[in-house]
Amino acid sequence: MRRADATTLEYVTSGSESTRHITLIDPAKQDPNTAANRAMVAVECGSSMVFVGGSTDTPDEVVHATCQAIQEAFELRAFASSQDPESDESEWQIPVVLFPGGAHALSPAADAITFMMLMNSNIRRFLVGEQVRGAPYIEKFGIEALPTGYLVCAPGGRVGEVGEAELIQPSDVDLVRSYALTARMFGFRLLYLEAGSGADAQVNPQLIESARTVDNLTLVVGGGIRTPEQALLAAQAGADWIVTGTLTEDAADLQELRQRIGGIISVLNN
Ligand code: 1GP
């Protein structure tokens, strides 16, 4: 649930002293109730946004049930906090944002959607085709679109393969800057540098630094980040937001999840 006094885009693009954390929940990887429990632990640890999406072929119903379960959990926690003078209700006003693999993975229960162009794809479908199919539903559902340039960097993982991306290589510092400029000139507000879910290497920090030299773009970085040290590298290079997904999915239980996300957020806040 987002704050009543600001759009999700304002929340996402407003500067913050420290790099903020996004928890990515893939609806294909757990039932909605487990997803809600994981999202609550993430927010208790200081995660500032939830992305719902990831896999390429998850049906709408599963995405919707997951968004609903997370929203209901946050609303209950916000209400409980509003009744407790010691608690801060706004802690639970965390946007739930669709991170879609295509026009099929949409839900009216989401606050917003990363409305993305996979800028280095070789196929029309991921440049504009899925977007044209999804836009009328996004309008109908009243979901806020976050204009996002999405760039897949090596190793790229499954999204690189499915999206037929010409991967940005670790040494492509000038190319990534050209993409960042292009994103801004198209009017995108976010640029997402993606190494691929579960990647064995994170986005090269030099690529982040190079993209950072372009003003007025909010930089989101994800893929292969599992440790506080990796998160710190991305943050120091200039990421505004860091996304982690796999570390949530393969945590043995909520306690381990708390330690993992807590560890990452504590280095981001220092
Ligand atoms: C994938 O960038 C995200 O789109 C998260 O990647 O699963 O490797 O954390 P991980």
Side-chain angles (χ1 to χ4, degrees), residues 1-27 29-53 62-99 107-114 141-144 146 218 220 225 228 231-232 235 240-245 247-270:
M1 60 183 286
R2 69 170 182 84
R3 298 179 69 95
D5 59 354
T7 63
T8 301
L9 186 61
E10 285 165 349
Y11 176 81
V12 173
T13 58
S14 65
S16 165
E17 270 179 30
S18 54
T19 301
R20 289 182 280 176
H21 179 260
I22 298 167
T23 297
L24 170 63
I25 304 258
D26 184 342
K29 302 283 175 65
Q30 72 274 279
D31 63 79
N33 189 41
T34 306
N37 287 335
R38 289 174 165 174
M40 282 191 284
V41 165
V43 172
E44 284 167 4
C45 292
S47 200
S48 303
M49 187 151 56
V50 174
F51 276 1
V52 176
V62 179
V63 174
H64 182 54
T66 301
C67 287
Q68 260 184 327
I70 296 170
Q71 293 284 26
E72 282 169 17
F74 286 1
E75 277 161 28
L76 280 173
R77 296 294 294 266
F79 178 73
S81 292
S82 72
Q83 305 301 303
D84 176 359
E86 310 275 296
S87 295
D88 179 8
E89 182 184 351
S90 67
E91 184 194 349
W92 293 99
Q93 291 171 339
I94 295 291
V96 177
V97 175
L98 294 168
F99 174 62
S107 161
D111 296 303
I113 181 169
T114 53
F141 295 160
I143 305 171
E144 196 184 331
L146 309 178
T218 295
V220 181
I225 297 176
L232 191 58
D240 293 298
W241 292 89
I242 284 171
V243 187
T244 66
L247 73 79
T248 298
E249 287 158 18
D250 65 12
D253 52 30
L254 293 178
Q255 185 53 32
E256 187 175 319
L257 179 61
R258 194 177 296 281
Q259 281 164 0
R260 289 180 175 190
I261 297 187
I264 284 184
I265 290 174
S266 75
V267 299
L268 297 180
N269 287 340
N270 280 327

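Worth saying up front: this structure is predicted, and the values here are computed from it rather than measured.
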Are any side-chain N or O atoms of [X] and backbone N or O atoms of [Y], one a donor and one an acceptor, separated by less than 3.5 Å?
X      : Y      : answer
Ser90  : Gln93  : no
Thr23  : Met49  : no
Arg20  : Ser48  : no
Gln71  : Ala109 : yes
Asp111 : Val97  : no
Ser47  : His21  : yes

What is the minimum heavy-atom distance between [X] and [Y], and which atoms define it?
X      : Y      : result
Val50  : Ala39  : CG2-CB, 4.3 Å
Ala6   : Glu10  : CA-OE1, 3.3 Å
Leu98  : Ser107 : CD1-N, 3.5 Å
Ala35  : Gln30  : N-CG, 3.6 Å
Ala231 : Ile264 : CB-CG2, 3.8 Å
Val267 : Pro228 : CG2-O, 3.5 Å

[atom1]/[X] to [atom2]/[Y] distance, rounded to the nearest 0.5 angstrom?
X      : Y      : atom1 : atom2 : result
Ser18  : Leu268 : OG    : CG    : 7.0 Å
Gln259 : Leu247 : CD    : CG    : 12.0 Å
Trp92  : Ser82  : CH2   : OG    : 13.5 Å
Glu249 : Leu257 : CD    : CG    : 11.0 Å
Leu24  : Arg38  : CG    : CZ    : 11.5 Å
Ile265 : Asn270 : CD1   : CG    : 12.0 Å

Heavy-atom distance under 4.5 Å between the side chains of [X] and [Y], does that happen here?
X      : Y      : answer
Phe79  : Gln83  : yes
Ile113 : Glu144 : no
Val52  : Pro27  : yes
Glu91  : Arg77  : no
Met40  : Phe74  : yes

Stepwise side-chain contact (heavy atoms from CB on, under 4.5 Å) test for Val41 and Ile261: CA-CA 9 Å; Val41 165; Ile261 297 187; 5.7 Å; no
In terms of the angle between their ring planes, are Tyr11 and Trp241 parallel, tilted or perpendicular, with boundaries placed at 30° and 60°?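 The arrangement is tilted - the two ring planes meet at 30° to 60°.
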